[in-house]
Visitor: 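Dropping the structure in here first, questions after.
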Amino acid sequence: DIQMTQSPSTLSASVGDRVTITCRASQSINSWLAWYQQKPGKAPNLLIYKASSLESGVPSRFSGTGSGTEFTLTISSLQPDDFATYYCQQYNSYSYTFGQGTKLEIK
Amino acid sequence: QVQLQESGPGLVKPSETLSLTCTVSGGSISNFYWSWIRQPAGKGLEWIGRIHSTGSTNYNPSLKSRVTMSVDTSKNQFSLKLTSVTAADTAVYYCARDKGVWFGDLYSYYYYMDVWGKGTTVTVSS
């Protein structure tokens, strides 16, 4: 099974900050990675797919990079609505695995 | 736009079978894969498995022995059964649509989940 490791687990930041979350795969997954945002009591919401493609309707301050085993999600200028938990997800060999999540908190 | 709604009992007794249904509205269930994902309170997301509208399935190896999924295209619904449940199966259960992207150079599809239901809480307790 492919394991996904996110870092950090928790991130404290302020409105207007630029933040980066990292996701590492235990083996190469090409660019088969998605990022989701989840707010308390809500379902996850797709932000990025295929490592760097922005889902329709998602603000352009969100961006994704990477391929192989290392990936990043960057929020260029944090807005109040962005404080949430973020998950990466890989797809490979007819199976999905999620990272453990990164909670983005207000500093 | 496509919407998903999970339904089923909110309370299941230990050792019994958890049964949930996801109803697809605003679009057809045909020609897509549909996934189940769960999330214990305060924890991360775990993929349970998926089913194609044709009935083809893929399951998480860690749950495979207890999971069965089915699809009813006439009702635009798909379902999950999880047998021999324990307290560890207590979670919010989500259904989602898998969207596929063709990678010609790798001769393979890549999938991700683009539409999610709101989730339903299932508690396993006597």
Side-chain angles (χ1 to χ4, degrees), chain A residues 1-10 21 23 25 28-58 64 66-68 71 73 84-103, chain B residues 1-6 22 33-52 54 56-64 67 69 91-121:
Chain A
D1 292 1
I2 297 178
Q3 307 302 317
M4 305 301 292
T5 304
Q6 286 182 234
S7 60
S9 296
T10 306
I21 299 168
C23 182
S28 177
I29 56 170
N30 302 295
S31 57
W32 294 0
L33 187 98
W35 290 97
Y36 301 86
Q37 176 193 65
Q38 186 179 34
K39 296 180 180 178
K42 300 293 187 183
N45 181 54
L46 175 68
L47 300 174
I48 302 281
Y49 63 95
K50 207 175 63 174
S52 60
S53 296
L54 192 68
E55 173 69 351
S56 176
V58 174
S67 66
F71 303 85
L73 173 70
T85 300
Y86 293 84
Y87 292 93
C88 63
Q89 176 210 50
Q90 69 84 27
Y91 172 81
N92 184 267
S93 299
Y94 311 107
S95 181
Y96 295 99
T97 313
F98 291 91
Q100 80 277 18
T102 294
K103 186 175 183 180
Chain B
Q1 70 282 21
V2 174
Q3 293 184 311
L4 308 181
Q5 178 67 60
E6 305 88 351
C22 183
Y33 274 101
W34 303 88
S35 277
W36 288 98
I37 306 97
R38 69 182 183 179
Q39 184 174 37
K43 297 190 178 180
L45 300 162
E46 179 180 34
W47 177 70
I48 300 169
R50 68 177 186 172
I51 186 165
H52 193 268
T54 58
S56 175
T57 56
N58 302 118
Y59 298 144
N60 185 326
S62 69
L63 296 168
K64 187 174 183 177
V67 171
M69 294 182 184
V92 176
Y93 284 75
Y94 296 102
C95 56
R97 185 178 75 173
D98 293 17
K99 190 162 185 180
V101 176
W102 175 247
F103 273 71
D105 54 338
L106 296 174
Y107 205 75
S108 185
Y109 271 99
Y110 156 66
Y111 291 92
Y112 56 96
M113 297 161 187
D114 69 331
V115 181
W116 293 64
K118 293 183 191 297
T120 187
T121 299

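Per chain, numbering begins at 1; letters A, B, ... match sequence-line order.
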Visitor: Considering non-hydrogen atoms only, spot the tightest contact between A:Lys50 and B:Val101 and give its length.
Guide: CD-CG1, 4.3 Å

Visitor: Identify which part of B:Asn60 has an atom lying under 4.5 Å from any heavy atom of chain A, answering side chain, backbone, both or neither.
Guide: neither

Visitor: Looking only at heavy atoms and a cut-off of under 4.5 Å, which of A:Ala34, A:Pro44, A:Gly41, A:Gly101 has the most pairs with chain B?
Guide: A:Pro44

Visitor: Who among B:Val92, B:Val115, B:Leu45, B:Asn58 has the most heavy-atom pairs with chain A under 4.5 Å?
Guide: B:Leu45

Visitor: So what's closer than 4.5 Å to chain A heavy atoms on B:Ser35: side chain, backbone, both or neither?
Guide: side chain

Visitor: Name the region of B:Lys99, side chain, backbone, both or neither, that has any atom closer than 4.5 Å to a heavy atom of chain A.
Guide: neither

Visitor: How far apart are the C-alpha atoms of A:Glu55 and B:Tyr112, what are their side-chain angles, what is the distance that settles it, and do they pass the side chain to side chain donor-acceptor pair (under 3.5 Å) test?
Guide: CA-CA 11 Å; A:Glu55 173 69 351; B:Tyr112 56 96; 4.7 Å; no

Visitor: Give me the atom names and distance for the closest heavy-atom approach of A:Ala43 to B:Gly117.
Guide: CB-O, 3.1 Å

Visitor: Sort B:Phe103 into side chain, backbone, both or neither according to what part of it lies under 4.5 angstrom from a heavy atom of chain A.
Guide: side chain

Visitor: Nearest 0.5 Å please: distance from the CH2 atom of A:Trp32 over to the OG atom of B:Ser108.
Guide: 3.5 Å

Visitor: Taking atom NZ of A:Lys42 as the centre, does the number of heavy atoms from other residues, nucleotides or ligands within less than 6.0 Å exceed 12?
Guide: no

Visitor: Any residues in residues 92-99 of chain A near chain B, with a heavy-atom distance under 4.5 Å, and which are they?
Guide: A:Tyr94, A:Ser95, A:Tyr96, A:Phe98

Visitor: Does any heavy atom of chain B fall under 4.5 Å from the side chain of A:Asn45, the backbone, both, or neither of them?
Guide: neither

Visitor: Per the salt bridge (charged side-chain N to carboxylate O under 4.0 Å, His left out) rule, what does the pair list look like for residues 86-100 of chain A, sequence neighbours excluded?
Guide: none

Visitor: Side chain, backbone, both or neither: which part of A:Gln38 has a non-hydrogen atom closer than 4.5 Å to chain B?
Guide: side chain

Visitor: Measure B:Tyr111 against the heavy atoms of chain A and call it side chain, backbone, both or neither at under 4.5 Å.
Guide: both

Visitor: Counting N and O atoms only, with roles assigned by atom type, does the side chain of B:Tyr110 sit under 3.5 Å from a partner on the main chain of A:Leu33, one being a donor and the other an acceptor?
Guide: yes

Visitor: Tell me the closest heavy-atom pair linking A:Tyr87 and B:Gln39, and the distance in Å.
Guide: OH-NE2, 3.2 Å

Visitor: Show your reasoning for whether side-chain contact (heavy atoms from CB on, under 4.5 Å) applies to A:Tyr36 and B:Met113.
Guide: CA-CA 9 Å; A:Tyr36 301 86; B:Met113 297 161 187; 3.4 Å; yes

